[in-house]
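Only one structure is covered here, and it is reproduced in the block below.
Numbered from 1 within each chain, the chains take letters A, B, ... in sequence-line order. Quick caveat, the model's predicted, so the values are computed rather than measured.
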There are 2 protein chains.
Amino acid sequence: MAIKTSPAPLPPYARVKQYLKRELARGRWTPGTLMPSEAELVQRFSVSRMTVNRALRELQSEGLVDRVQGSGTYAAQLHGVSSRLTIRDLHEEIGARGHEHRAVVHLKQAERATAELAHQLGMAEGAKVFHTRIVHLDNGVPLQCEDRYVNPACAPGYLGVDFEQTTPTNYLRTVAPTWEAHYAIEASPPTAEEARLLGIRRDEACLVIVRRTESRGVGITLARLVHPGSRYLIEGHFKP
Amino acid sequence: MAIKTSPAPLPPYARVKQYLKRELARGRWTPGTLMPSEAELVQRFSVSRMTVNRALRELQSEGLVDRVQGSGTYAAQLHGVSSRLTIRDLHEEIGARGHEHRAVVHLKQAERATAELAHQLGMAEGAKVFHTRIVHLDNGVPLQCEDRYVNPACAPGYLGVDFEQTTPTNYLRTVAPTWEAHYAIEASPPTAEEARLLGIRRDEACLVIVRRTESRGVGITLARLVHPGSRYLIEGHFKP
DNA sequence: AAGTGGTCTAGACCACTGG
DNA sequence: CAGTGGTCTAGACCACTTA
């Protein structure tokens, strides 16, 4: 009996994908070029059309090819480095590093929404909003100042939560399980208050993430996350 | 003959997906919970197993469910806001806004690699590297200072390119069609030189992207892209 | 009209998990 | 062992593009 040394004899659809990826990487089809049709690949690999179709559909969802019904499959333009960016819950992020996370609540109250804020959350001006300001510490070092406004309609119990035990992100996740988010990443100086809470100079560059989440068109929360530039960065990796 | 008013009667696999997404959003299956098996869905929707399978496979690739062979399909933990982050070629980015892009080359020469640089690019210390420093203007306003080192082995003709006509990113794309990249986004002050070239104060916060790209383990290029915080931000959107 | 992709089906075999 | 997902097939019908 033969000994199986091959660890995993790639399934057919994966072999087709691999072939196409390799040839794309070699520049065999420059961006915009017509690539082999499903029928051609069916013949070349002696597999069924569904198998080829799966390979091509996956390449499309990975952004490597464009498919046009009635026309053909084309090598995609490489728009740039595109990768999965994950903005994780800071508590998990710190935990993943094996550090201790601690949160200090500096503000927790109900307020009246300003015109700008009301617009962002899709509420009426002057309506009640919840406001928290929390500093997150990584092994005792301030890593993030989290200024957050929450729509009371979505999380009536928000002010009653102990945010030294759980994070707002975590809590809101249980209230509104799935949402849509818009975010911006920018570099800017901290406000005087933020500088004080983070223990940094007012002219230290900060990495600021502003994130607005909504569910079914209703604004849930608007958060401003300020990180000292000297202590925080976002890393990522891209593989075609 | 009946008049077709429905614009697009969602195909079966999409209806299954839609159903599962909606119920997930409603919290019907909390993270980690066992979800209906393929067989159950086949019955409920009166479709073939391949159709249900496709729906579930796509939900998996979107990170909404975890599937374990032999066990079942489980509602995924929401790891955080995860979205496609694209760092585009600045030339395209400016063009997409309908603005005029101009590049000024401040430095273009061969140098000897320092130990650190050699390590980053996987070369020998003291080996020859190409170095360019280019400022990109958006309608005349400095938007990015691009400091770039290139491995001559990957792009021998690099120094001969006219970077007022094409961008390094664009050129390197033609030389090494597909690559792997590692990047970091951080906030930091500009160097004195960068502040001068960008026409900003030394204490202005800058959004800095450091990106290293390689192909098959060989370092191609290391770039430091410095943007005035007051003029640039990265935006993104996340939809489950 | 010919060629392309978009989708579905009914049945099949396999590998893995769990009791 | 029964149940689950992983994958493949052969054929089918449709909508769309191109000429």
Side-chain angles (χ1 to χ4, degrees), chain A residues 1-21 24 29 31-77, chain B residues 1-21 24 29 31-77:
Chain A
M1 192 198 276
I3 298 175
K4 252 194 174 174
T5 34
S6 48
L10 233 45
Y13 86 91
R15 296 204 312 112
V16 176
K17 265 183 82 168
Q18 189 188 47
Y19 163 77
L20 292 169
K21 273 195 177 187
L24 274 168
W29 304 290
T33 310
L34 185 60
M35 293 172 59
S37 70
E38 297 192 350
E40 284 178 76
L41 293 168
V42 162
Q43 291 222 352
R44 171 191 291 266
F45 288 91
S46 304
V47 295
S48 79
R49 199 187 138 209
M50 274 299 276
T51 301
V52 163
N53 183 270
R54 172 169 175 185
L56 287 170
R57 246 189 310 111
E58 293 191 1
L59 288 178
Q60 182 177 38
S61 87
E62 290 170 28
L64 292 179
V65 307
D66 290 327
R67 314 193 72 199
V68 183
Q69 183 173 147
S71 177
T73 300
Y74 302 85
Q77 314 290 340
Chain B
M1 191 196 279
I3 298 176
K4 252 194 172 173
T5 34
S6 47
L10 231 47
Y13 86 91
R15 296 204 313 110
V16 176
K17 264 182 84 169
Q18 191 187 46
Y19 163 77
L20 293 169
K21 272 195 177 186
L24 274 168
W29 305 291
T33 310
L34 184 60
M35 291 172 58
S37 70
E38 297 193 351
E40 284 178 75
L41 294 168
V42 162
Q43 291 221 351
R44 170 191 291 266
F45 288 91
S46 303
V47 294
S48 80
R49 199 187 137 209
M50 273 300 275
T51 300
V52 162
N53 183 270
R54 173 170 174 186
L56 288 169
R57 245 190 307 112
E58 293 191 1
L59 288 178
Q60 182 176 40
S61 86
E62 291 170 30
L64 292 179
V65 306
D66 289 328
R67 314 192 72 199
V68 184
Q69 182 173 151
S71 177
T73 300
Y74 302 85
Q77 315 290 339

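Within the 4.5 Å cutoff, no side-chain heavy atoms of B:Leu59 are placed close to those of B:Arg67. Under the 4.5 Å side-chain criterion, counting only non-hydrogen atoms from C-beta, A:Val47 is not in contact with A:Tyr13.
Every side-chain contact (heavy atoms from CB on, under 4.5 Å) that A:Met50 has, sequence neighbours left out, goes to A:Ser48, B:Met50. Partners of B:Arg49 by salt bridge (charged side-chain N to carboxylate O under 4.0 Å, His left out), not counting sequence neighbours, listed by chain and number: B:Glu38. With sequence neighbours excluded, no residue forms a ring-ring contact (aromatic ring centres under 6.0 Å, His included) with B:Tyr74. When the side-chain hydrogen bond (donor to acceptor under 3.5 Å, both in side chains) test is applied to B:Arg57, the partners found at least two apart in sequence or on another chain are B:Asn53.
Sparse packing is recorded around CD of B:Gln43, with 12 or fewer heavy atoms of other residues, nucleotides or ligands lying under 6.0 Å away.
A straight line from CG of A:Leu41 to C1' of D:dC8 spans 16 Å, rounded to a whole angstrom. Rounded to a whole Å, the CD atom of A:Glu38 is 17 Å from the P atom of D:dG11. B:Tyr13 has its OH atom 12 Å from the C1' atom of C:dG5, to the nearest Å. With rounding to whole Å, B:Met35 atom CE is found 14 Å from D:dT4 atom C1'. One can place CZ of B:Arg57 at 12 Å from P of C:dC8, the figure rounded to the nearest angstrom. The separation between B:Phe45 atom CZ and C:dC8 atom C1' is 16 Å, rounded to whole Å. Regarding A:Gln60, its CD atom lies at a distance of 13 Å from the C1' atom of C:dT4, rounded to whole Å. For A:Lys17 and D:dT7, the NZ to C1' distance is 14 Å, given to the nearest whole Å.
From A:Leu64, atom CG reaches atom NZ of A:Lys17 across 8.5 Å, with rounding to the nearest 0.5 Å. Taking CZ of A:Phe45 as the reference point, atom OG1 of A:Thr51 lies at 11.5 Å (rounded to 0.5 Å).
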Are there any protein N/O atoms within less than 3.5 Å of an N/O atom in nucleotides 17-19 of chain D, and if so, which ones and at what distance?
from: D:dT17; atom 1: O4'; to: A:Gly70; atom 2: O; distance (Å): 3.3

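Between D:dG6, C:dT7, D:dC8, one nucleotide has an atom nearer to the side chain of A:Pro12 than all others, and that is D:dC8. Checked against C:dG6, D:dT9, D:dT4, the side chain of B:Ala39 finds its nearest nucleotide in D:dT4.
Residue B:Ser37 has no polar side-chain atom (N or O) positioned under 4.0 Å from OP1 or OP2 of D:dG3. Within the 4.0 Å cut-off from OP1 or OP2 of C:dT4, not a single side-chain nitrogen or oxygen of A:Arg67 is found.
Only B:Arg49, B:Met50, B:Asn53, listed by number, bring a heavy atom of residues 49-56 of chain B to less than 4.0 angstrom from any atom of DNA chain D.
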